[in-house]
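What follows is one structure encoded as structure tokens, with my remarks underneath.
What's counted below: heavy atoms across the whole structure, side chains too, no hydrogens, waters or symmetry copies. Lettering follows sequence order; numbering is per chain, from 1.
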Amino acid sequence: MATTFLPPGTSDITPEEIPQWRFVENAASRIFQLYGYLEMRTPVMEFTELFQRGIGDETDVVKKEMYSFEDKGGRGLTLRPEGTAGIMRSFAGTDVMNGNERRVFYMGPMFRGEKPAAGRKRQFHQIGVENAGGVSTLADAESMAMLAQYLDEIGITGYSLLINTRGSFEDRIAAEVLLREKLSKRSNELCDDCKERLGRNVWRVIDCKNPNCSAIVDELPDITDSFSAESRSYFEEVRGHLDKMGLEYTVDSKLVRGLDYYAHTVFEVTHSGLGAQNSLAGGGRYEVPVPGSKRPVPGVGFALGVERLLMARESLGAENPHLRKLDVYMISLGAAAVDANVIMSMTLRKAGISTVVCGGDKSMKGQMRAANRLSARFALIRGDQELERGVVVCKNMETSEQREIPEGEILEFDFRTRR
RNA sequence: GUGGUUGUAGCUCAGUUGGUUAGAGCGCCUGGUUGUGGCCCAGGAGGUCGGGGGUUCGAAUCCCCUCAUCCACCCCA
């Protein structure tokens with residue numbers, strides 16, 4: 001039936017797909033731990049104010065994409081649209097404020113009320129890392145190195161790493177004034193969206209895809225030149241580390257990113273196998289303002305879109321891990337055999353052997369088919385004859401070989417490695 | 001939010017200029033083997049043709065609305 005009773009932009013992750021999800025998740029956990037990161041889990045919902053302050057009131061994400069609601073106590077809550085704000089909320093007021101590093105990674109669902117398209121869902125999944133309190137150019141470069149190692153590890157090739165600097169917050173404010181001044185002169189030539197952005201969010205004009213806007217932006221002097229010497233040398237240092245590490249990257253002066261908390265280094269990984277949403281991962285250095293905290297929480301991190309990782313892997317024809325097969329399917333002929341098999345199934349499972357007992361009154365043929373469908377390695381068959389003699393018939397489903405095993409010796413047979 | 005695309009069986013899809021009981025492949029069930037799967041053969045079950053309204057003697061087919069899908073814009077992971 002075509003009626004899929006699902007909220008738009010959501011989908012099931014089926015048992016058949018789970019192995020690929022586990023594959024990229026397990027690899028993330030393994031690689032990130034090599035860099036000293038530990039897993040952390042924060043709530044899927046937070047106070048709305050956390051995102052308004054953290055991500056920025058004027059960002060598109062906050063302005064029009066959040067799933068916000070009031071709970072029964074009248075509290076304004078929001079389903080998290082990204083992972084950084086929650087982590088920083090947790091770290092606010094701790095020693096990370098004094099520059100002590102906390103390296104954590106997370107994975108889980110995020111929610112944004114956008115129109116679904118290729119590589120874009122309303123509930124999507126991110127794997128992210130944060131080096132909170134890690135204020136150094138090395139921390140920036142190292143997160144990119146870790147990202148690259150991870151992508152290599154899961155078999156994603158052909159991506160590009162784009163980097164840029166947004167300067168310090170002070171630089172940004174100065175640059176905004178400058179940008180607004182320059183762009184205002186030609187505001188009548190900008191697209192409607194950019195006219196809007198001019199007032200509240202000048203930076204977004206820079207990466208506008210509209211050809212007219214883009215041409216105007218191209219004529220602007222390099223904004224980076226207006227940054228302080230400190231900001232510029234910070235960026236130079238980051239690039240120096242990247243070069244040392246042997247990472248390939250492209251400096252893209254139009255890379256600005258959409259969240260307000262970024263300052264200094266920003267980066268993005270793009271891939272051609274994704275359709276219009278070509279961004280696999282994005283991140284950078286940030287200072288996240290958190291309600292209740294006097295100072296913003298600093299750090300550097302990135303997030304990857306899991307659905308997009310899987311799309312990229314698929315476009316590359318990457319091998320997917322296969323489903324684990326069932327060890328034993330128990331076939332019973334008659335009620336007495338069912339009872340005996342139920343008891344034996346408990347013994348097998350306690351010994352670590354995955355076992356399914358047919359509970360219905362299917363025919364022998366029907367039960368054999370079921371065993372086949374479940375890709376069982378072995379079928380254990382028991383009817384009146386076997387019960388009487390205290391044995392079970394053990395059939396290797398791949399080779400069709402059959403042998404009898406005395407009931408008491410069932411655990412001596414090695415079902416796992418098929419002996 | 002805007003634009004386009006598609007919506008027929010569990011799945012992938014046919015269905016000619018509107019015309020009688022809406023089809024195929026795969027899957028599923030049964031039988032061909034008293035208690036033996038996959039391959040083959042025979043048979044069978046399964047459809048509010050996304051939903052609502054309209055035009056017509058008659059609509060899966062034409063018109064309108066609606067919902068959903070996919071894609072693009074936008075935004076971002």
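For the side-chain hydrogen bond (donor to acceptor under 3.5 Å, both in side chains) test with A/Arg103, the passing option among A/Glu130, A/Gln33, A/Glu142 is A/Glu142; the others fail.
The base of B/C74 sits within donor-acceptor range of the side chain of A/Arg120, with an N or O pair under 3.5 Å. The base of B/G38 is not paired with the side chain of A/Glu398 by any donor and acceptor separated by under 3.5 Å.
Note on A/Asp339 versus A/Arg382: no salt bridge recorded, every NZ/NE/NH1/NH2 to OD/OE distance being 4.0 Å or above.
Within 4.0 Å of A/Leu6, counting heavy atoms only, lies no atom of the nucleic acid at all. Within the nucleic acid shown, A/Gly119 comes within 4.0 Å of at least one base atom, counting heavy atoms only.
Taking the six-membered ring for Trp, A/Phe378 and A/Phe415 have ring centres closer than 6.0 Å. Between A/His264 and A/Tyr234, the ring centre distance stays below 6.0 Å.
The CZ atom of A/Phe5 sits 16 Å away from the C1' atom of B/U69 (whole-angstrom rounding). Between the C1' atom of B/C28 and the CZ atom of A/Arg373 lies a distance of 8 Å, rounded to the nearest Å. Rounded to whole angstrom, the span from the NZ atom of A/Lys365 across to the P atom of B/U34 amounts to 10 Å. Here the P atom of nucleotide B/C28 and the CG atom of A/Leu374 are 11 Å apart, to the nearest Å. Rounded to a whole Å, the CZ atom of A/Arg204 is 14 Å from the P atom of B/C73.
Proximity of A/Arg369 to the phosphate of B/G38: a side-chain N or O atom is located under 4.0 Å from OP1 or OP2.
Across B/G47 and B/G27, the matching C1' atoms stand 16 Å from one another, rounded to whole Å.
For the residue pair A/Asp171 / A/Ser168, a side-chain donor-acceptor distance below 3.5 Å is found, with atom types taken as modelled.
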Note, RNA chain B 5' to 3' with Watson-Crick or G-U pairs under 3.5 Å encoded as ( ), [ ], | and . gives ((((.((..((((.....[...)))).(((((.......))))).....(((((..]....))))))).))))....

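Mapping A/Leu280 and A/Glu401 onto RNA chain B by nearest heavy atom places A/Glu401 closer to the 5' end of the strand.
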